[in-house]
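The block underneath contains the structure these notes are about, expressed in structure tokens.
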Amino acid sequence: MTPISEEILQVEDLNKSFGRLAACRDISFSLHRGEVLGIVGESGSGKSTLLKCLAGMHAPDRGSVTISVSGDRRSLWNMDEAEREQLLPSMLSLIHQNPRDGLRLDVSAGGNISEPLMTSGERHYGSLRSVALDWLRNVEIDPGRIDDLPKTFSGGMQQRLQIARSLVTHPQLVLMDEPTGGLDVSVQAKLLDLLRRLVREFNLAAVLVTHDLGVARLLSDRLMVMQAGRVIETGLTDRVLEDPRQAYTQLLVSSVLQV
Amino acid sequence: MLDDLGLDAAQEDYSFAFLDEQTKRMVRRAILKAVAIPGYQVPFGDREVPLPPGWGTGGIQVTASIIGRSDRLKVIDQGADDTTNAVSIRRFFKRVTGISTTESTGEATIIQSRHRIPERLLEDAQILIMQTPQPEPMRRLINSEEQARKLHAFARYGLMQVRLYEDIARFGHVAVSHDYPVRVHRRYLSSPSPIPRFDNPKLHRNRALIIFGAGRERRIHAIPPFTEVRSLDFEDYPFEVQKWEQCCALCGSDNSYLDEVLLDDKGSIQFICSDTSYCNDRRVESRRR
Amino acid sequence: MAILDVTGIGKHFVMHLRDGIRIPVIANLSFNVKRGECVALNGPSGAGKSSVLKMIFGTYAAENGVIHVEHGNDIVDIASADPMTMKQIRRNTIGYVSQFLRVVPRVSARDLVAEPLIATGWDSSVATQRAEVLLERLNIPKALWSLPPATFSGGEQQRINIARGFITEHPILLLDEPSASLDAQNRQVVIDLIRDKKQRGVGILGIFHDQEVRDAVANRLVDVAALSSKNQQPATAAA
């Protein structure tokens, strides 16, 4: 029997307000290696704020985010900024909805993939090059385009490049913010397939924020439904989608177009 | 220019070295901090000096703050003592301090320079002051000052390395000929000011104190004596300096930085030392022999 | 000894979007499945047979009752299991062949079939080999193996789904009308596959619409409609 895998992320009683608006209220959950947690809810439900608290971008008002770094459990908001900045790249990476937010558009594809490695001290041009080539193949971009600027890439290619850049340092935790948003359906399919494969290949723990239940169903093991800053329902993905308990979840599920 | 100010060394009704004592103290404090944190850019309050910004106002304020009556000043621009900028700065200091000046690198106690480090090895008691237009090595890569400072604070310099990577990918070598970024004391990424990369190795463990003053940007950074200074590179693309096939047409030097000089309308050219003091010394030396 | 033991389970849906109307599906149903036997859920359409399978697989929550399953060396109650445990149970203990294949964009039939075996830790090349053996046995033309099944016919998709369910070594297998859209030849293949599983000690719980298949594989029938006393009206929510 395969033992239950290591806990990578633990969120306890997380609260975050902006002025009088409570964006995240009393949120607790944990995530294991190899597990994808989907967070669904409409705009303004607090899912993006939650993701930013996990990504080290917003400090929560209360509660803790604990991330395991090679077996060592570290509290993200309980260390100083310098230490957090230093540890963050090995802890997690964030895949933005808009690839422009996660890429340098005036730097070549190879440079974009290599930068996180250079930041962590890699100084061998040849090996950076070969890692970049491997990753281009891995995300199904023609390796011949290694020296092209992402500006010349299609939206789907840019997104795949961003994924390569995010995973090149082998973070344990990957946070995805609507990774397929704004893409054509056929391009989405390719990307979903890629994400699915990479999650398995690298045994990633991933948090996926999306409002697309189809995407959530395909990629996530578990779902968390958020409404007005709270988690109102959580469970295995098929359970939440096929036997929803809360009125809001039922509304969400019944609003999906069936193909 | 100076006549308009009505300055007269004999009258002493202005401060020594032009700047008032409070300003000099403020600049000295910035210099001390810069020496204490090698490579770190220390902000200072830029004062007006009788020279347009971008013509060495930062260097002038640093020089004015540390110069004393026993100093001997040398001012060079692109290696030469006799260019307009060098001459007028030298004259300015002569006038506002009354101290002696020199064109010989060996004789100077303070050398203010633009774009070159003298060929002759500097000594313990010397101070080299570099005029610096842009002290932030990542300025062209990041617009935000806040972000640049964070990258310095966290020593995350991957972005600078990316620039070198891009050059190698595009040209097969790093195509930065001037202002080649360095890492000072294994910590701060710094600009060496727009010296040719030929001069970068001279920064490493130099016996003299080197101070970089940027007037317009209001920053001072320093490389204390004997500090480790490494030019960024890749293991498989190590840092290299420019080389010439020619020797200096005047002194015959085969290891100095050469300027290409156009001789006539037919396009004949000659290579000569950029460092005039060095070239003169060598010629005097060989004549003596 | 029973490998799956269901005691007094009940299920209803509360439809919040329809003024909180309560739709009963299953009430007080008990049965068990032993190693190497095939139990068929019997009853009219709409009686909640599929719901029973989904409750055992954890897709539906059980409102009442206990669903004991032998999971490794433990006995686990699925009705109260947390999601992590349920994931483990699905990976190692309970296999499920649903009525319809959930296709994944761009994933080939071969990979889709091999996937559950790889998930349990098998080497991917061995899993792929086994997938091919099964696809061949289920008469899926070789030309289709490397294509994503989205465009396959209903019968082909169903056979991919069967292959996906049968490839693993799960000790319990839930089958929801596995032979629904199959021709006689493939129906026989499914019967043979079920018999193989039984011989290897797998406990099977299934819904077989087809009398011929049911007679061929089922050891016992469990009547769902008769056992769920409160299930008077055919519930619309019971899929």
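We name chains A, B, ... by the order of the sequence lines, and we start the count at 1 in each one. All values below come from the heavy atoms of this structure, side chains included, with hydrogens, waters and symmetry mates left out. These numbers were taken from a predicted model, which means no experiment stands behind them.
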In short, ring-ring contact (aromatic ring centres under 6.0 Å, His included) pairs touching residues 145-172 of chain A with sequence neighbours left out are H170(A)-F202(A)
Whatever's closer than 4.5 Å to a heavy atom in chain B on P89(A) counts as side chain
Go through the atoms of A153(B) and report whether side chain, backbone, both or neither lie under 4.5 Å from a heavy atom of chain A. neither
Which bit of L117(A) comes within less than 4.5 Å of chain B, counting heavy atoms only: side chain, backbone, both or neither? neither
Tell me, yes or no, whether the heavy-atom count around H211(A) atom NE2, taken from other residues, nucleotides or ligands under 6.0 Å, exceeds 12. no
List, with distances to 0.1 Å, the donor-acceptor pairs found between chain A and chain B - the cut-off being under 3.5 Å and no angle criterion applied.
residue : atom : partner : partner atom : Å
E81(A)  : OE2  : K150(B) : NZ           : 3.0
E85(A)  : OE1  : R156(B) : NH1          : 2.9
S108(A) : N    : E166(B) : OE1          : 2.8
S108(A) : N    : E166(B) : OE2          : 3.4
S108(A) : OG   : E166(B) : OE2          : 2.5
R123(A) : O    : E235(B) : N            : 2.6
R123(A) : NE   : Q161(B) : OE1          : 3.4
H124(A) : ND1  : D236(B) : OD2          : 3.3
Y125(A) : N    : D236(B) : OD1          : 2.7
Y125(A) : N    : D236(B) : OD2          : 3.4
Y125(A) : OH   : A169(B) : N            : 3.4
G126(A) : N    : D236(B) : OD2          : 2.6
R129(A) : NH1  : Y165(B) : OH           : 2.9

Kindly check if the number of other-residue, nucleotide or ligand heavy atoms within 6.0 Å of CG (L121(B)) is above 12? no
